[in-house]
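A short write-up of the structure that comes next.
Being a predicted model, the structure only gives us computed values, none of them experimental.
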Amino acid sequence: MTAQAALDLADAVAEQLADPRSALLGPAARQQHLANGLPGIALLHIERAAAGLGPWRRAHDWLAAASREPLTSGPDSHPFYGAPAFAHALVCAADHLPGAYQRASDTLDRQMTADVNRRLDAGHRRMDAGRPAALAEFDTIRGLAGYGAYLLRRDPGAPALLAVLDYCVRLTQPITYEGEPLPGWWTDTGPSGRPDDRFPGGHANSGMAHGIGGVLALLALAARYGTFVDGHDEALGRILAWLDRWQEHAGRGPTWPYWITRDELRSERLAPSGPRRPSWCYGTAGLARAQQLAALALGDTRRQIEAETALVAALTDPAQLKATTDSALCHGFAGLAHVAARAADDAHPSTAGQLRATIPPLLAAVHPPGTDPVHAATTLIQDEDRGPGLLDGAAGIALALLAPSTATPPRSAWDACLLIA
């Protein structure tokens with residue numbers, strides 16, 4: 001019953017977002033941003049069409065709306081904004097429509113390769129100069145890990161992808177900055193990417209959205225595709241060793257901090273904190289999935305089971321779930337259900353059932369059985385803070401409910417942009 005209620009909500013969201021000309025969209029949703037704009041909403045209709053749940057016409061209409069204005073490209077774009085964001089959505093559709101969108105896809109591929117090469121040149125020059133990284137240089141949302149996700153889907157043997165992986169390997173190598181040894185992904189800003197008095201000396205970010213978690217997942221997924229570069233396994237090992245070093249026990253199992261500050265690094269102790277939400281963007285859910293993928297790539301069954309057990313613990317820990325306050329894909333209950341479903345698909349037989357057992361309560365938290373799906377969909381879409389978009393809004397919630405409710409992996413690889421599959 002819970003799964004059907006979740007599907008009813010997903011259906012209601014899709015119906016109310018059927019036509020971009022009549023859907024109630026705020027200014028943010030009309031932008032070229034994958035997180036909250038038109039390309040992200042297009043993904044909902046692409047996945048539904050690929051799964052036989054809706055017509056391809058809706059997907060085409062949203063793609064057309066997303067490309068009606070000139071797409072931002074070059075230095076002002078990134079994997080979640082402009083031409084790269086649209087490219088992800090377009091390719092998700094083109095994979096299921098042979099011959100469709102070919103010219104546009106080829107043009108976007110060339111633009112993406114040019115952007116990647118420019119960013120790689122800047123990244124290596126920065127490393128050569130001994131300066132710390134910027135989050136936007138390497139992360140999933142704005143940086144090279146996000147570009148790598150796209151390239152891996154398009155062609156696992158592409159020279160541009162191999163160059164990104166080489167960069168990721170180099171990023172994991174320790175550096176010395178201001179006389180102190182630091183991980184290669186250290187940044188001298190706060191988590192926003194800007195100077196922050198709360199982070200004197202900077203920080204090392206662990207997250208899947210903005211930290212080394214995304215790089216770990218990219219390296220692991222590439223290895224699972226059979227794509228390796230020199231030092232690949234060693235880079236995986238360095239990131240995993242860092243996460244092992246900073247693992248702490250909270251509630252029912254291990255957790256990982258969102259970031260490490262300079263003071264924590266110097267003292268080798270984490271500052272006290274309360275329970276954190278175990279989200280995709282930051283927290284145990286995303287990091288446990290990344291570590292599961294790395295363990296699968298390395299053939300490390302012990303670490304795989306440990307990662308899966310950590311995910312089960314996080315998704316059943318009342319304190320961590322209490323810290324989860326919304327239903328969003330990025331950091332809410334729908335996202336947790338989707339991560340659980342993806343992890344369960346790859347899980348060891350000893351933990352797969354436990355992971356699947358976490359899903360019904362998460363679905364019920366998003367949409368309790370008996371709740372009117374049409375009213376719930378309207379409320380989500382018209383939410384002034386979150387709106388209809390992908391990461392925080394209604395389209396992302398509807399997408400994230402599909403795989404957990406049907407026990408069927410996504411057909412369109414829409415979630416490749418999250419580096420969880």
Next on the checklist: Would you compute the distance between atom CZ of Arg276 and atom OH of Tyr258 and round it to the nearest 0.5 angstrom?
Outcome noted: 7.0 Å
Checklist entry - Quick one: are Thr255 and Gln320 in side-chain contact, heavy atoms under 4.5 Å? => result yes
Item to check | Separation of Leu135 CG from Arg194 CZ (nearest 0.5 Å) | outcome: 11.0 Å
Item to check | Chi angles and distances behind the salt bridge (charged side-chain N to carboxylate O under 4.0 Å, His left out) call for Lys322, Asp317 | outcome: CA-CA 9 Å; Lys322 186 177 180 180; Asp317 180 1; over 6 Å; no
Checklist entry - Run the salt bridge (charged side-chain N to carboxylate O under 4.0 Å, His left out) check on Asp139 and Arg142 step by step: do they pass? => result CA-CA 6 Å; Asp139 73 12; Arg142 298 166 298 180; 3.1 Å; yes
Checklist entry - Would you find a donor on one side and an acceptor on the other, under 3.5 Å apart, between the side chain of Arg252 and the backbone of Thr316? => result yes
Item to check | Arg302/Glu306 ion pair, N-O < 4.0 Å | outcome: yes
Next on the checklist: So that I can tick it off, tell me whether Arg58 and Asp19 are bridged by a salt bridge, with the cut-off set at under 4.0 angstrom between side-chain N and carboxylate O.
Outcome noted: no
Next on the checklist: I'd like to know if the side chain of Thr187 and the backbone of Ala133 have a donor-acceptor N/O pair within less than 3.5 Å.
Outcome noted: yes
Checklist entry - Which is it for Leu240 and Gln291 under the side chain to side chain contact (heavy atoms under 4.5 Å, CB included) test, yes or no, and what are the steps along the way? => result CA-CA 7 Å; Leu240 292 170; Gln291 291 177 82; 3.9 Å; yes
Next on the checklist: Between His88 and Tyr150, is the ring centroid distance below 6.0 Å?
Outcome noted: no
Item to check | Salt bridge Arg289-Asp346, side-chain N to carboxylate O under 4.0 Å | outcome: yes
Item to check | Approximate separation, where rounding is to 0.5 Å, of Ile41 CD1 and Leu17 CG | outcome: 5.5 Å
Checklist entry - Any ion pair linking Arg126 and Glu137 (charged N to carboxylate O, less than 4.0 Å)? => result yes
Checklist entry - Can Asp61 and Arg57 be said to form a salt bridge (charged side-chain N to carboxylate O under 4.0 Å, His left out), step by step? => result CA-CA 6 Å; Asp61 288 346; Arg57 168 51 56 184; 3.3 Å; yes
Next on the checklist: I'd like to know if the side chain of Gln292 and the backbone of Ala343 have a donor-acceptor N/O pair within less than 3.5 Å.
Outcome noted: yes
Checklist entry - So, are Arg170 and Asp128 salt-bridged, with charged N and O less than 4.0 Å apart? => result yes
Item to check | Electrostatic pair Glu308-Arg303, nearest N-O below 4.0 angstrom | outcome: no
Item to check | Beyond-backbone contact of Ser279 with Met208, side-chain heavy atoms, under 4.5 angstrom | outcome: no
Next on the checklist: Could you go through Asn205 and His203, starting from their C-alpha distance and side-chain angles, then the distance that decides it, and tell me whether this counts as side-chain hydrogen bond (donor to acceptor under 3.5 Å, both in side chains)?
Outcome noted: CA-CA 6 Å; Asn205 197 295; His203 76 293; 3.2 Å; yes
Checklist entry - With no hydrogens and no angle check, do the side chains of Gln111 and Asp115 hold a donor and an acceptor under 3.5 Å apart? => result yes
Checklist entry - Under 4.5 Å between any side-chain heavy atoms of Leu402 and Leu53, yes or no? => result yes
Next on the checklist: I'd like to know if Asp188 and Arg131 make a salt bridge, using a cut-off of under 4.0 Å between side-chain N and carboxylate O.
Outcome noted: no
Checklist entry - Under 30°, 30 to 60°, or over 60°: which ring-plane class applies to His124 and Tyr167, parallel, tilted or perpendicular? => result perpendicular
Checklist outcome for this item: Taken to the nearest 0.5 Å, the spacing of Leu161 CG from Asp166 CG works out to 9.5 Å
Next on the checklist: Strictly distance-based, threshold 3.5 Å: is any side-chain N or O of Ser405 a donor or acceptor partner for the main-chain N or O of Ala6?
Outcome noted: no
Item to check | Within-4.5 Å side-chain heavy-atom neighbours: Tyr81 and Asp76 | outcome: no
Checklist entry - Side chains of Ser350 and Ile305: closer than 4.5 Å at any heavy-atom pair? => result yes
Checklist entry - Can Arg277 be said to sit on top of Tyr282's aromatic six-ring, NZ or CZ under 6.0 Å from centre and within 45° of the ring axis? => result no
Checklist entry - Short question: side chain of His96, backbone of Arg411 - any donor-acceptor pair under 3.5 Å? => result yes
Checklist entry - Does the separation of the ring centres of Trp259 and His210 fall below 6.0 angstrom? => result no
Checklist entry - Quick check: does any side chain N or O of His33 sit under 3.5 Å from a backbone N or O of Phe80, one acting as donor and the other as acceptor? => result yes
Item to check | Residues Asp345 and Arg356 bridged, charged N to O under 4.0 Å | outcome: yes
Checklist entry - Roughly how far, to the nearest 0.5 Å, is the CE atom of Met112 from the OG atom of Ser77? => result 8.5 Å
Checklist entry - Step by step, would you call His338 with Trp414 a ring pair (Phe, Tyr, Trp, His ring centres under 6.0 Å)? => result CA-CA 12 Å; His338 186 74; Trp414 68 266; 4.9 Å; yes
Checklist entry - Between Asp121 and Arg118, does at least one N-O distance fall below 4.0 Å, as a salt bridge requires? => result no
Checklist entry - Does the side chain of Ser412 come within less than 4.5 Å of Asp95's, by heavy atoms? => result no
Checklist outcome for this item: Rounding to 0.5 Å, atoms OH (Tyr147) and CZ (Phe138) come to a distance of 15.5 Å
